[in-house]
Amino acid sequence: MIRVRGLTKSYVYQGSRSVIFKNLDFTIATGESVAILGANGAGKSTLLRLLGGIDLPDSGTIETDASISWPVGIVGGFQGSLTGRENVTFVSRIYAAKKDIPSKIRYVEEFAELGVYFDRPFKTYSSGMRSRIAFGLSMAFDFDVYLIDEVTAAGDQRFREKSKRLLLDRKQRADFLMVDHNLWGLKLHCDRAFILDAGKIEEFTNLDEAVAIHTERLLSGTVSTHPLSPDPSQVPSEPVT
Amino acid sequence: MSIAGSSRSGKRSDGIQGLSGWKIQWRVVDALTYRELRTRVGEVRGGFLGVLLQPLGLLAIWMIFLSALNLNRGGSLNVVLFLTSGIVLFSIFSHIANRSVTAIQANEALLFYRPVKPIDTVISRTICESGLYICCMFIMLAGTWIYLDQVVMSDLGLFLISLLLAASLGFSTGVIFMTASHLVPAFGQVAIWIPRILWFLSGVPFRYWVFPAWTRPFFVWNPLMHCIELNRKAMSDEYFTPDANLNYVIVWVVVQTTIAFWIYSNNERRLLTL
């Protein structure tokens, strides 16, 4: 279960504060997979970053009793000077018991199919190779909830098919929070949806209805494509509890 | 391909859920230390031996330079040990402090993982640099012992405590440097000069008390000077050092570490979101 209360996030750029979203409240029960819909810049990836603990909110709380992955698909979290194997070893040393580290490395090596490149610096990888290793690394760990950001759009056709099969398999024992512009992929993996628009969240129990409303808004141009306008006085500054 | 699977209601074997804070800290520092060593080893030819030869080479160059300047007055202590002590302890301090200035920048990609905090990068750098230079020190001690057939240790406890205190000074200075230079980038340019100035005030290549009495206060306040002198004293009981005070260094380290933690804990959030 994930319970979010009063979640607010803003960024300051060149002295000007942009509010991404304000006072979000929602609860996701165990066993539910949720699609997060919204236009570019609506704050979908930011929300995943907050849920994954990569970024901190201005205010609000995120309570959970589940183990949550880092956002799967974002090719962050890799040190360019280290090889793929060394990067995987680094993450495994944190997230896995010592005895399981070799099996995690082997899993990613076999999934990514990088051959000799697995032992070359990460900075030399193509974007497709990076996606393969990032997705493989995330799937090597057994989390309760996976935060999945645009993963079905990454890599070549073969990788996308492989990822799809793996996600379907993992869905048997874990939940997803998915951001994807591939709406068909969302329908395949999710049970319900949130639409993030103009800094607010709308919850839908019917995924098809949410997708239809989201698509209509996008096509009619009534959707907000930018963060909320600067409003520093409205942004609480107290730390997260 | 397989992965340790479990049902939704079952216990997960992966992740950090359910681990104690210390266990998580241990795993993160272990992983970052691995990353530091891999990067250090990958940077030089010859693998780990190459990494070890770097500070040994530095030691050799300093010894030739300082011997040429006739500044190697070690008194009753063998000159090689006198210089090794000064150079190794000062290098432990300065390398930790200097490398901490860029610790966040160098590990930015790895702060992506929730358990990894900025202070962990300084802890792992402290472990790496201390370990590396302590290895060098023991090689020099062993070399001197074999070559001169001379007992080189009179107080092993004091010897180890002085090393630990030098590393602790480097760590607490590093935490302050990391925090300050990330919040105020211009500080990073100033910070790298501080160890350079301290080099002259730590009695690395000379015994400070041979200088005129009015210069003494410039040296005596410096806890690193005390560490180095105590380390030399530990190697030879006859080594004369008029001001070295173990209690002074311990109190300094405790106070400075407390200040460093206070500064860091009040700014950790800003370090993660800037």
Side-chain angles (χ1 to χ4, degrees), chain A residues 11-12 30-31 49 52-58 64-71 74-83 86-87 89-100 103-104 106-111 121-122 136 139-144 166 169-170 172-175 239-240, chain B residues 1-19 23-44 103-118 120-121 124 265-274:
Chain A
Y11 289 107
V12 176
T30 303
R49 289 173 65 85
I54 297 170
D55 207 345
L56 297 172
D58 298 334
T64 182
D65 56 358
S67 62
I68 303 178
S69 76
W70 54 86
I74 293 178
V75 191
F78 291 91
Q79 191 76 16
S81 58
L82 297 181
T83 66
E86 288 165 349
N87 271 295
T89 304
F90 172 84
V91 178
S92 302
R93 280 179 175 234
I94 296 174
Y95 285 97
K98 199 158 195 167
K99 65 178 173 53
D100 296 327
S103 66
K104 302 296 180 195
R106 199 164 49 247
Y107 177 92
V108 181
E109 187 174 14
E110 288 174 9
F111 178 84
F122 191 80
M139 290 294 131
F141 295 91
D142 199 22
F143 291 110
D144 294 318
L166 189 51
D169 176 60
R170 194 56 54 88
Q172 304 299 314
R173 59 175 191 267
D175 302 325
V240 175
Chain B
M1 278 186 297
S2 66
I3 186 169
S6 59
S7 67
R8 275 200 178 89
S9 56
K11 192 178 185 307
R12 303 282 178 188
S13 60
D14 292 337
I16 54 169
Q17 205 83 354
L19 294 181
K23 183 76 182 167
I24 295 169
Q25 182 78 39
W26 173 264
R27 281 193 183 183
V28 169
V29 170
D30 171 63
L32 281 169
T33 306
Y34 165 83
R35 166 259 186 279
E36 286 289 332
L37 281 173
R38 298 307 299 182
T39 309
R40 290 292 294 263
V41 170
E43 277 172 359
V44 296
I104 291 183
Q105 197 184 352
N107 290 289
E108 206 164 11
L110 305 177
L111 291 168
F112 178 86
Y113 301 100
R114 181 172 24 190
V116 182
K117 304 293 181 211
D120 299 324
T121 63
S124 62
S265 59
N266 279 291
N267 289 286
E268 187 186 66
R269 191 181 160 79
R270 293 179 71 192
L271 298 180
L272 287 166
T273 52
L274 269 178

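In what follows, every chain begins at residue 1, and chains take the letters A, B, ... in the order their sequences are listed.
- Of the possible polar contacts, one joining the Arg114(B) side chain to the Ile68(A) backbone as a donor-acceptor pair under 3.5 Å is found.
- In terms of the side chain to side chain donor-acceptor pair (under 3.5 Å) criterion, Asp169(A) has no residue partners (sequence neighbours excluded).
- Here the shortest heavy-atom pairing between Ala109(B) and Phe78(A) reads CB-O, 3.3 Å.
- Leu32(B) touches chain A through backbone and side chain together, each having a heavy atom under 4.5 Å away.
- Atoms CD1 and CG, on Ile54(A) and Leu272(B) in that order, are 11.5 Å from each other to the nearest 0.5 Å.
- By the salt bridge (charged side-chain N to carboxylate O under 4.0 Å, His left out) test, Asp55(A) pairs with Lys9(A), sequence neighbours left out.
- Note that OG1 of Thr89(A) is 13.5 Å distant from CZ of Arg35(B), once rounded to the nearest 0.5 Å.
- Of the inter-residue distances, the one linking Leu110(B) atom CG with Leu82(A) atom CG reads 7.0 Å to the nearest 0.5 angstrom.
- In terms of non-hydrogen atom pairs under 4.5 Å with chain B, the most contact-rich of Gly53(A), Ser92(A), Gly80(A) is Gly53(A).
- Neither the backbone nor the side chain of Val12(A) comes within contact range of chain B, judged by heavy atoms closer than 4.5 Å.
- A distance-only check finds a donor-acceptor pair linking the side chain of Tyr113(B) to the backbone of Gly77(A) [under 3.5 Å].
- Neither the backbone nor the side chain of Val29(B) comes within contact range of chain A, judged by heavy atoms closer than 4.5 Å.
- Distance check, rounded to the nearest 0.5 Å: CZ of Arg93(A) to CH2 of Trp26(B) gives 10.5 Å.
- Between the side chain of Gln79(A) and the backbone N or O of Ala106(B) there is at least one donor-acceptor pair closer than 3.5 Å.
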